[in-house]
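Note: hydrogens, waters and symmetry copies are ignored here, and every other heavy atom, side chains too, is used. Note that the numbering runs from 1 along the sequence shown for the chain.
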Amino acid sequence: VSRAAFERESEYRSSSHTVCVNAALCLCVIGENQERTTKFKKWFWSVLRKMTPRQQHDLLYFWTSSPLLPATEQGFTPHPSVVIRPPDEARLPTANTCISRLYVPFYSSKRLLRARLLTAIKTKVFGFV
């Protein structure tokens, strides 16, 4: 995942809970609490922008089982999505790669979100839910 893609925050279009980086990468953030969802989206993109290219690559692989962004305009099928789980400081994010879905508990801070994401992608073990 290109660092430049995440640094072009002004190009992100958000509609409801859908955020697009470009035509190939849109994601849907699914959460029941609007305030939490808004905070999560800000934290999530902030964490991704500050990741190294290698960490971004590892996250993409953990989330979708794809080592690269799609080369076509059609992008991922289905589109990557994030489900915000209830708060649980001890639980790591998990992924269902068949449907490109990342499950992330709502953490109490952006720092903890970053730490838990990095721990999850380092394990390279998919947690199917």
Please report the C-alpha distance between Arg36 and Lys41 in whole Å, then the side-chain angles of each, then the deciding distance to 0.1 Å, and finally whether the side chain to side chain contact (heavy atoms under 4.5 Å, CB included) criterion is met.
CA-CA 9 Å; Arg36 268 192 200 155; Lys41 283 170 44 175; over 6 Å; no
Trace of the side chain to side chain contact (heavy atoms under 4.5 Å, CB included) decision for His57 with Thr52
CA-CA 9 Å; His57 174 271; Thr52 66; over 6 Å; no
Audit row: Gln56, Lys50, side chain to side chain contact (heavy atoms under 4.5 Å, CB included) steps and yes/no:
CA-CA 9 Å; Gln56 292 172 354; Lys50 293 175 184 170; over 6 Å; no
Can Val104 and Val82 be said to form a side chain to side chain contact (heavy atoms under 4.5 Å, CB included), step by step?
CA-CA 7 Å; Val104 183; Val82 179; 4.2 Å; yes
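When every heavy atom of Ala120 is checked against every heavy atom of Pro93, the shortest pair comes out as CB-O, 3.8 Å. Between Arg101 and Ser81, the shortest heavy-atom contact is NE-OG, 2.9 Å. Across Leu113 and Val47, no two heavy atoms sit closer than the pair CD2-CG2, 4.2 Å.
Atom-to-atom distance recorded for Leu117:CG and Phe62:CZ is 8.5 Å, nearest 0.5 angstrom. If you take OG on Ser108 and CG on Asp88, they are separated by 11.0 Å, rounding to the nearest 0.5 Å. Ile84 CD1 to Phe40 CZ: the interatomic distance, rounded to the nearest 0.5 Å, is 5.0 Å.
Counting only distance, with no hydrogens or angles, the side chain of Thr119 and the backbone of Ala115 share a donor-acceptor pair below 3.5 Å. Looking only at distances, a side-chain donor or acceptor of Arg116 sits under 3.5 Å from a matching main-chain atom of Glu89. With hydrogens and angles disregarded, no donor-acceptor distance shorter than 3.5 Å links the side chain of Ser46 to the backbone of Lys42.
If you chain together hydrophobic residues whose side chains sit under 4.5 Å apart, Leu118 and Leu48 fall into the same group. Note on Leu59 and Leu92: separate hydrophobic clusters, where clusters join Ile, Leu, Val, Met, Phe, Trp and Tyr whose side-chain heavy atoms are under 4.5 Å apart, directly or indirectly.
Annotation: side chain of Trp63 is not in contact with side chain of Asp58 (no heavy-atom distance under 4.5 Å). For the pair Val83/Leu102, no side-chain contact is recorded, criterion being any heavy-atom separation below 4.5 Å from C-beta on.
Evaluation of the side chain to side chain donor-acceptor pair (under 3.5 Å) rule for Ser109 yields no partner, not counting sequence neighbours. The ring pair (Phe, Tyr, Trp, His ring centres under 6.0 Å) search around Phe106 returns Trp43, not counting sequence neighbours. In this view, Lys39 satisfies the side chain to side chain donor-acceptor pair (under 3.5 Å) rule with no residue, not counting sequence neighbours.
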